[in-house]
Amino acid sequence: MSILPNQFRIRLIGIVIVIAALVIAGRLYFIQVMKHDAYAAQAEKQYASKSQTLFDRGTIYFSPKSGAPLSAATLGSGYAITLEPRKILHPEDIVNGLSGIISFDESMLLAKTASGSPYAEIAHRVDEKTAERIEGLGLAGLGDYKEQWRVYPGGKSAANVLGFVGYNDDGMTLSGRYGLEKSYNDILSRGTSDSHVNFFAEIFSNVRDTFIQDDAGEGSIVTTIEPTVQAELEKRLAGVVSTWKSDLTGGIVMNPYTGEIYAMAVNPTFDPNDFAKEKNPAVFKNPLVDGVYEMGSIVKPLVMAAGLDAGVITPQTTYDDTGFVLVNGAKVSNFDGRARGVIPMQRILDESLNVGMAFVAKKLGNDNVTKYITAYGLGDETGIDLPGEVHGKLDNLKAPRDLEHVTASFGQGIAISPIETIRALSALGNGGFLPNPHVVKRIEYASGDVKTPSYDGTKQVIKPETSETITRMLVSVVDTALLNGTVKFPHYTVAAKTGTAQMAKEDGRGYYDDRYLHSFFGYFPAYKPQFIVFLFTVYPKGAEYASHTLTQPFIDLAKFLINYYEVPPDR
């Protein structure tokens with residue numbers, strides 16, 4: 001009888017044993033090395049509650065101009081103080097022992113000690129020294145366990161970008177709510193393990209994933225947010241709200257070439273460390289991404305550039321400004337109703353003339369007005385890596401009448417989001433293409449891998465020479481017209497434009513006569529900009545024009561950025 005089958009079986013068994021040993025070794029390596037920190041943290045304290053798990057989550061970082069990433073959302077550690085009432089013989093000893101160590105409601109504490117329940121918690125987020133003092137009492141039925149929770153070291157800073165971690169609708173599980181915490185929840189979240197899981201069960205569990213994907217999706221994220229720039233933007237927005245009592249104010253600082261967002265903020269905002277105190281959940285949203293507004297005159301440079309790009313006007317083109325024009329029977333007037341006579345295109349931007357934009361829109365024609373506005377990405381989502389993005393509303397442009405296209409040319413009748421707006425305006429200064437706005441620079445996986453998201457695929461919307469021409473016109477606005485040229489930068493070229501839009505009534509029937517949305521954008525150094533800044537404020541009180549409310553905050557931000565980044569003069 002041949003012995004070959006026996007030898008084959010022996011070899012097969014040997015191969016299986018070797019593979020099994022490799023799998024076990026790999027799993028041991030993963031548990032003891034890759035997940036060492038998580039298990040070490042769980043082992044620091046014995047759990048009073050056998051079902052208690054240790055909360056864990058990846059970190060979100062800011063990116064300082066120089067130096068290592070700075071934690072924006074991380075984990076805090078401490079201890080929960082627990083009771084096992086059935087083991088407590090003398091409740092008064094618990095009360096007396098804890099007195100002077102932690103604050104508590106005596107009647108509630110006594111009620112819990114007398115409840116007869118197997119387990120209760122009486123304090124959370126107690127520091128280690130306090131927990132050691134409580135342990136030192138040596139009282140039966142009094143214990144503690146280690147706990148971790150989400151902490152936002154910057155408090156309110158960039159809260160609407162970060163979001164927060166809260167309970168889901170089931171009231172049992174935690175996940176990211178709003179902001180990056182939500183959009184990157186799958187990467188930031190961690191599977192928590194019971195501290196009493198059988199070690200060998202853990203070794204043999206999920207063996208299939210050991211060499212394939214075990215926890216491969218877990219990681220931390222590094223944002224593009226620069227904390228000092230963020231703080232400066234928030235300071236300027238707070239000043240606007242304080243001075244003008246606006247309902248809402250927001251701003252974005254972005255690189256107009258790469259779409260990297262250095263700062264993004266709204267006011268009012270919230271503290272993600274104490275979000276439960278907020279009575280209005282609307283404060284958690286990010287209106288820079290999930291809100292749309294009629295932006296007013298900052299749309300004028302986009303349509304002016306469209307006219308230049310299509311070749312229907314040049315900067316030297318003139319028209320007869322009569323103060324108002326009738327379009328489909330409706331009266332379109334300059335802000336002051338005053339005629340200017342025969343003037344060139346530059347004056348339209350200098351003085352923000354609606355009649356002038358009606359002239360440009362007529363030269364373009366309705367189809368071209370629609371073509372360019374949609375080419376700028378208005379009406380589309382930008383794809384920014386934040387949740388809840390909405391697209392602009394351009395339904396008016398579907399109308400065949402001239403009126404809707406004329407009003408769109410000066411930013412009324414179409415509603416667009418701030419993030420759409422800053423992306424479109426970037427094309428005026430960056431050579432004519434749409435960048436991809438984003439707030440995540442890279443993802444650092446727990447496995448050690450690092451992924452840098454790709455933000456390619458930019459779209460050319462106007463010619464480079466058009467970009468240069470409209471930039472030259474916007475520099476002239478700052479140098480000679482904005483607050484009569486008093487804010488001109490002697491050593492830097494700055495391109496900018498204000499916007500003032502009447503606010504639509506809630507019932508959709510016309511506009512308020514006394515409520516306005518103010519907006520402002522600018523980029524600098526103008527001919528190769530490092531920064532584009534967008535600001536807006538909703539219903540400021542006591543000021544009709546954006547030049548009064550937002551010019552100074554923009555100028556202050558521009559000066560800060562130029563100094564902070566040591567931008568060399570360009571003139």
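Positions are given from 1 along the sequence.
Ion pair R340/D336 flagged as a salt bridge, since at least one NZ, NE, NH1 or NH2 atom sits closer than 4.0 Å to an Asp/Glu carboxylate oxygen. A salt bridge is defined here as a Lys NZ or Arg NE, NH1 or NH2 lying under 4.0 Å from an Asp or Glu carboxylate O, and R515 with D247 fails to meet this definition. Salt bridge absent: E444 and K451 never bring a charged side-chain N and a carboxylate O closer than 4.0 Å. Using a cut-off of 4.0 Å between Lys/Arg side-chain N and Asp/Glu carboxylate O, R177 and E181 are scored as not salt-bridged. With respect to the salt-bridge test (charged N to carboxylate O, under 4.0 angstrom), the residues D556 and K559 do not qualify.
Using a distance-only test at 3.5 Å, with no hydrogens or angles considered, no donor-acceptor pair links the side chain of D570 to the main chain of P525. T537 contributes no side-chain N or O that, together with a main-chain N or O of S246, makes up a donor-acceptor pair within less than 3.5 Å. Formation of a donor-acceptor pair under 3.5 Å by the N484 side chain with backbone atoms of T486 is not found in this model. Using modelled atom types, no side-chain atom of S297 and backbone atom of T498 make a donor-acceptor pair closer than 3.5 Å. Under the 3.5 Å distance criterion, the side-chain polar atoms of S242 are left unmatched by any main-chain donor or acceptor of G239. Within the 3.5 Å criterion, the main-chain N or O of G431 finds a donor-acceptor partner in the side chain of S467. No donor-acceptor distance shorter than 3.5 angstrom exists from the side chain of D309 to the backbone of I462, with no hydrogens or angles considered. Between the side chain of H405 and the backbone N or O of K362 there is no donor-acceptor pair closer than 3.5 Å. Of the possible polar contacts, one joining the K65 side chain to the Y564 backbone as a donor-acceptor pair under 3.5 Å is found.
When all heavy atoms of A330 and L403 are compared, the pair lying nearest together is CB-CD2, 3.8 Å.
Atom NZ of K393 has 12 or fewer neighbouring heavy atoms from other residues, nucleotides or ligands inside a 6.0 Å radius.
Judged as a side chain to side chain contact (heavy atoms under 4.5 Å, CB included), and not counting sequence neighbours, the contacts of K371 are N368.
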With a 3.5 Å cut-off and sequence neighbours excluded, list the donor-acceptor pairs that the side chains of residues 156-164 form with protein atoms.
residue, atom, partner, partner atom, Å
N160, OD1, T269, OG1, 2.6
N160, ND2, V283, O, 3.0
N160, ND2, K285, O, 2.6

Could you go step by step and tell me if D380 and R423 meet the salt bridge (charged side-chain N to carboxylate O under 4.0 Å, His left out) rule? CA-CA 11 Å; D380 293 331; R423 177 178 68 163; 5.4 Å; no
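Annotation: F520 is not in aromatic contact with F534 [ring centroid separation under 6.0 Å not met]. A distance of 6.0 Å or more separates the ring centres of Y545 and Y516.
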